[in-house]
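Just the heavy atoms: all of them, side chains too, but no hydrogens, waters or symmetry mates, feed the values below. Throughout, protein chains are lettered first and strands after them, A, B, ... in sequence-line order, and every chain is numbered starting at 1.
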2 protein chains.
Amino acid sequence: MPDTSTQILDTAERLITQGGFHAFSFQDIAERIGIKKASIYYHHPAKAALGREVIARYRARFREVLAAIDGAEPIDYGDALSLYLAPIIQLSQSDDGVCLCGVLGGEYIALPEEMQAEVGAFFEEHQTWLAGLLERGRAAGAFGFTGSAAKMAKLMFSAVEGALIIKRATGDDRQLDDVISVLQDLLRP
Amino acid sequence: MPDTSTQILDTAERLITQGGFHAFSFQDIAERIGIKKASIYYHHPAKAALGREVIARYRARFREVLAAIDGAEPIDYGDALSLYLAPIIQLSQSDDGVCLCGVLGGEYIALPEEMQAEVGAFFEEHQTWLAGLLERGRAAGAFGFTGSAAKMAKLMFSAVEGALIIKRATGDDRQLDDVISVLQDLLRP
DNA sequence: GTCTATACAAAGATAGAC
DNA sequence: GTCTATCTTTGTATAGAC
């Protein structure tokens, strides 16, 4: 059983991915983990701070994935891309699975500043990393697209973020898989 | 000056695209159009009903665009696609411009049922329509992609929805344009 | 159609006991 | 660390006067 602070972060993350930052309360968290809402303030000083921590942890988790892939080079670049996509596909297969930052991006203007910065940074680090992977993969002959790698990275990342949201609202379990399969076809040399 | 009911819908739409359904209140609407919050209930019976109306109107606006394009056939299919994308690009150029349903899709689980249905229907009607356009365009020799038109439609629509969200959070004005330009390159015969 | 007044619940947050 | 108690503000919504 994780410690209370972690349980709070886990629950907040889940609630945000379900309905966004403004749709849940400390009361919701408290009920789910069996404590009183006042106790949450011992671990996290305010809702905005908690929100920020949730994103920071989410970002860090993905940074580990990216670092692991980078650390495995030289690697087949098609495999590297699959390794990147694996946790996202896994996300989409869990209940209500969408990207935390995709949800928060929708609420962007109403988000506390500290959270806005984290969300923007998440998007940027993923797109930048993807652009690098595509560039190196093309140089190695593993990918065969034409044009800018940065633009292709924007397409891939935008499509994945959008697909997760659309999948849940339409109930189409193949939304993300279809999008990814088209993208992988496009990249083939 | 539009009537009060329309002003309420306009303001609600704006507020939802900025921060989502749960981040605004009737008080926010009232302040912006210079009435008291109780007056809103004369025009719209509840927040969920107002939310539903906002989406229904948004959907109808797009249905007009789609019908206009359909009505113009036979047409150059590249032009048809540009006509479809034009209002989306326009959206992205306005302040805080994202797709209303992209935002609401993020909040999906916490949305009133009546709103969930509208959001899902919006996504489905766009993807279905796009698939038809791509299919006919390819048959006419205007598009040169391989594979399923339905899958390509999912990629295009997912990418556009995602790009709008990402654009706002990163401040990258070229996010949507870059994504669209790559997509249009992909479709070239 | 719009207002004032109000009911009622829930929110974020703090103080202080245990 | 967690609790009870409480403060204050805000939210959705209704009743009834103008």
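One side chain, A:Gln127 or B:Gln175, offers a donor N or O that lies under 3.5 Å from an acceptor on the other. No side-chain donor from either of B:Asp79 and B:Ser82 sits under 3.5 Å from a side-chain acceptor of the other.
One can place NE2 of A:His44 at 13 Å from C1' of D:dG1, the figure rounded to the nearest angstrom. C:dA13 atom C1' lies 13 Å from atom CD of A:Gln27, rounded to whole Å. The nearest whole Å value for the distance from the CG atom in A:Asp3 to the P atom in D:dT2 is 9 Å. The interatomic distance linking B:Ile33 (CD1) with C:dG1 (C1') rounds to 12 Å, in whole Å. With rounding to whole Å, A:Ile40 atom CD1 is found 12 Å from D:dT2 atom C1'. Atom NZ in A:Lys36 sits roughly 19 Å away from atom P in C:dA13 (whole-Å rounding). Rounding to whole angstrom units, NZ of residue B:Lys47 and P of D:dG11 are separated by 9 Å. Rounded to an integer number of Å, the gap from NE2 of A:His22 to C1' of C:dG12 is 12 Å.
Mapping A:Lys37 and B:Ala38 onto DNA chain D via the closest heavy atom, the residue that lands nearer the 5' end is A:Lys37.
Electrostatic pairing of A:Asp178 and B:Lys154 counts as a salt bridge here, judged by a charged N lying under 4.0 Å from a carboxylate O. Ion pairing of B:Lys37 with B:Glu31 is absent here, as no side-chain N (NZ or NE/NH1/NH2) approaches a carboxylate O to less than 4.0 Å. A salt bridge links B:Arg57 to B:Asp10: one of the charged nitrogens lies within less than 4.0 Å of a carboxylate oxygen.
Taking 4.0 angstrom as the limit, A:Tyr42 places none of its side-chain polar atoms (N or O) nearer than this to OP1 or OP2 of D:dT2. Checking the phosphate oxygens (OP1, OP2) of D:dG1, no side-chain nitrogen or oxygen of A:Ser39 falls inside 4.0 Å. Contact check, B:Thr4 against C:dT2: a side-chain N or O comes under 4.0 Å of OP1 or OP2.
Taking every side-chain heavy atom of A:His43 into account, D:dT2 is the closest of C:dA11, D:dT2, C:dC3. With C:dA13, D:dA5, D:dG1 as the candidates, the nucleotide lying closest to the side chain of A:Tyr41 is C:dA13. For A:Ala46, the side-chain atoms get nearest to C:dA13 when compared with the rest of C:dC3, D:dG11, C:dA13.
If you check every strand for non-hydrogen atoms under 4.0 Å, A:Ser25 touches sugar and phosphate atoms only. Counting any heavy atom pair closer than 4.0 Å across all strands shown, B:Phe26 reaches sugar-phosphate atoms only and no base atom.
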